[in-house]
Amino acid sequence: MAASIHLTHHLMELPMEFAFTISRSTKTVARTVRVELMHEGILALGESVPSSFYKETHETVRTFYDRIVNDSVLEKLDPHNIQELERRLALYEGNVAAKAGLEMAFHDLRGKLLGVPLYKLWGLDPARLPKTSYTIGIDDVDMVRRKMETALSRGYDVIKVKLGGPKDLEMMALIREMAPHATLRVDANAGWTIDEAVEKSRALAEFDVEFIEAPLALTVHDEDYLYLKQESPIPLMADENCHTLKDIKRCARLFHSVNLKHTKTGGLEEARRMIHTAHALKLKVMLGGFAETSISVTAFAHLAPLVDYCDLDACLLIADDPYEGISFRGSEITLPDRPGIGVIPRQNRNPSS
């Protein structure tokens, strides 16, 4: 009989380096749930990153994991059989971020059992990684200057700017002045009306912006997206409009690219399916995330050889990330060569739980 798989989970509360503001909220602490699987003496890690915007919290995630244990969902489950894990989890509605954290831990476990990194299990080339952006949240001009000084001192040359506040263009002018050669991207987090989006897209073209992510409020109609796609001189990227595979076809009509996050996709396998489908429909793909540690950032980064853009800086926005995984040299990223997702605790760091 196969050895059982034991699931435990722990709340992590980690302060952000800077207060992080987007169009709809401000965050000073990252709250995630660390998933631990124990099997045949091997400890595997995953991380759930719930978002109240998507109707999940760390309480709902932990309640879901307790239910998984009580329902014996992992009993007699081959740790290499991700397909069966997906089938069993699909019997429960919702809880997308919770499912993503659990599936992530299974990928870590099977890689450790086989002694190879996840990217090798998928047959991917770790040398083919796009640069990652570093994100500047909405703030007053003095704080934006301070954040940019930090970013530039660390060598980041791809900058993603959160917009949707009253000083959007003032922020952009300062950032472009401080980084004349950097690649700039903007993200409105669904914060603009159609008229604002058209006006701001034209103004942002003056700053040589690579793309605009999530420009419109979710309440607008498809005709508004199509109009903006026609009128904007800058390519458009979907985020809040793109959750799972079923959304890709619609996004191909309305956008030029999509941003995938495991909190939305529900797991790495669904993200892989979405990447291939998006490319088949001529959409470009970016990997992103929320406020999270190197556990989930590194796990998602194993998909990076397949995509066009990365926004995998979430662990950099935490003041003292307790884990070591993906490494950064400015905006260039490198995957760890350790088995599984390749994440280990940093020396002299104790995750809050």
Side-chain angles (χ1 to χ4, degrees), residues 16-28 51 53 132-152 156-220 224-242 254-259 261 286 288-291 309-311 313-314 316-317 331:
M16 309 287 286
E17 182 175 20
F18 299 107
F20 188 73
T21 299
I22 64 175
S23 62
R24 57 177 176 260
S25 64
T26 296
K27 184 183 291 289
T28 58
S51 168
F53 185 76
T132 185
S133 52
Y134 178 84
T135 306
I136 304 294
I138 298 171
D139 224 317
D140 61 62
V141 172
D142 289 340
M143 183 55 73
V144 169
R145 183 183 298 277
R146 180 182 167 191
K147 291 177 181 179
M148 278 298 298
E149 288 171 348
T150 298
L152 296 174
Y156 305 128
D157 59 2
V158 182
I159 304 296
K160 177 174 166 178
V161 187
K162 294 288 189 177
L163 298 183
K167 298 183 178 180
D168 284 351
L169 298 182
E170 188 176 354
M171 280 180 58
M172 290 300 299
L174 172 61
I175 289 170
R176 178 50 83 197
E177 179 184 359
M178 294 182 70
H181 304 297
T183 298
L184 299 187
R185 304 164 176 173
V186 303
D187 181 2
N189 283 109
W192 294 336
T193 65
I194 181 61
D195 291 336
E196 287 175 323
V198 170
E199 179 183 355
K200 290 196 175 184
S201 69
R202 292 169 178 166
L204 289 169
E206 299 296 321
F207 301 108
D208 191 22
V209 169
E210 187 174 26
F211 56 73
I212 300 174
E213 183 181 345
L216 296 177
L218 296 179
T219 53
V220 304
D224 292 319
Y225 286 107
L226 290 170
Y227 176 70
L228 179 60
K229 187 177 182 181
Q230 173 184 307
E231 294 296 318
S232 173
I234 302 172
L236 307 178
M237 176 178 286
D239 181 359
E240 286 86 350
N241 297 89
C242 188
L254 308 181
F255 300 91
H256 302 90
S257 56
V258 293
N259 182 5
K261 300 173 181 175
M286 183 169 79
F290 292 100
Y309 313 112
C310 285
D311 182 32
D313 66 332
L316 300 175
L317 306 179
S331 292

If we only count heavy atoms from C-beta on, is the L163 to I138 side-chain gap below 4.5 Å? no
How about NZ on K229, more than 12 heavy atoms from neighbouring residues, nucleotides or ligands closer than 6.0 Å, or not? yes
Within a strict 4.5 Å, meaning less than it, do heavy atoms of the L228 and V198 side chains meet? yes
Walk me through it: do L226 and L254 pass the test side chain to side chain contact (heavy atoms under 4.5 Å, CB included)? CA-CA 6 Å; L226 290 170; L254 308 181; 3.6 Å; yes
Inter-residue atom distance E231.CD - S201.OG, 0.5 Å rounding: 8.0 Å
Is there a donor-acceptor pair closer than 3.5 Å between any side-chain N or O of D140 and the backbone N or O of M143? yes
Do D195 and E199 come within less than 4.5 Å of each other through their side chains, counting heavy atoms only? no
Which residue pairs pass the ring-ring contact (aromatic ring centres under 6.0 Å, His included) test with at least one member in residues 156-190, sequence neighbours excluded? Y134-Y156
4.5 Å side-chain heavy-atom contact, S331 and S133: no
Give the minimum heavy-atom separation between A314 and F290, together with the two atoms involved. CB-O, 2.7 Å
Could you tell me whether a side-chain N or O of D224 sits under 3.5 Å from a main-chain N or O of I194, the two making a donor and an acceptor? no
Looking only at heavy atoms, what is the nearest atom pair of L204 and V186, with distance? CD1-CG2, 3.9 Å
At what distance, to the nearest 0.5 angstrom, does CD1 of I136 lie from CG of L184? 10.0 Å
Identify the two heavy atoms, one from K162 and one from M171, that lie closest to each other, and give their separation to 0.1 Å. O-CE, 3.8 Å
Working to the nearest 0.5 angstrom, can you tell me the gap between M178 CE and R145 CZ? 5.5 Å
How many angstroms lie between CE in M148 and CD1 in I159, if you round to the nearest 0.5 Å? 4.5 Å
Interatomic distance, M237 atom CE to C242 atom SG [nearest 0.5 angstrom]: 10.0 Å
Report yes if the side chains of T183 and Y309 come closer than 4.5 Å at any heavy-atom pair, otherwise no. no
Does the side chain of M172 reach to within under 4.5 Å of the side chain of V209, using non-hydrogen atoms? yes
Given the options T132, T135, D311, K160 meets side chain to side chain donor-acceptor pair (under 3.5 Å) only with D311
Is the shortest heavy-atom distance from the side chain of D239 to the side chain of K261 under 4.5 Å? yes
With sequence neighbours left out, what residues match D168 under salt bridge (charged side-chain N to carboxylate O under 4.0 Å, His left out)? K200
Shortest non-hydrogen contact between N241 and A238, atoms and distance: CB-CB, 4.4 Å
Write down the atom of R176, the atom of F207, and the distance for their closest heavy-atom approach. NH2-O, 2.9 Å
Below 4.5 Å, heavy atoms only, C-beta onward: do L236 and H256 meet side chain to side chain? yes
A179 to L152 - nearest heavy-atom pair and separation: CB-CD2, 4.1 Å
Atom OG in S51, atom CD in E240: separation rounded to 0.5 Å? 9.0 Å
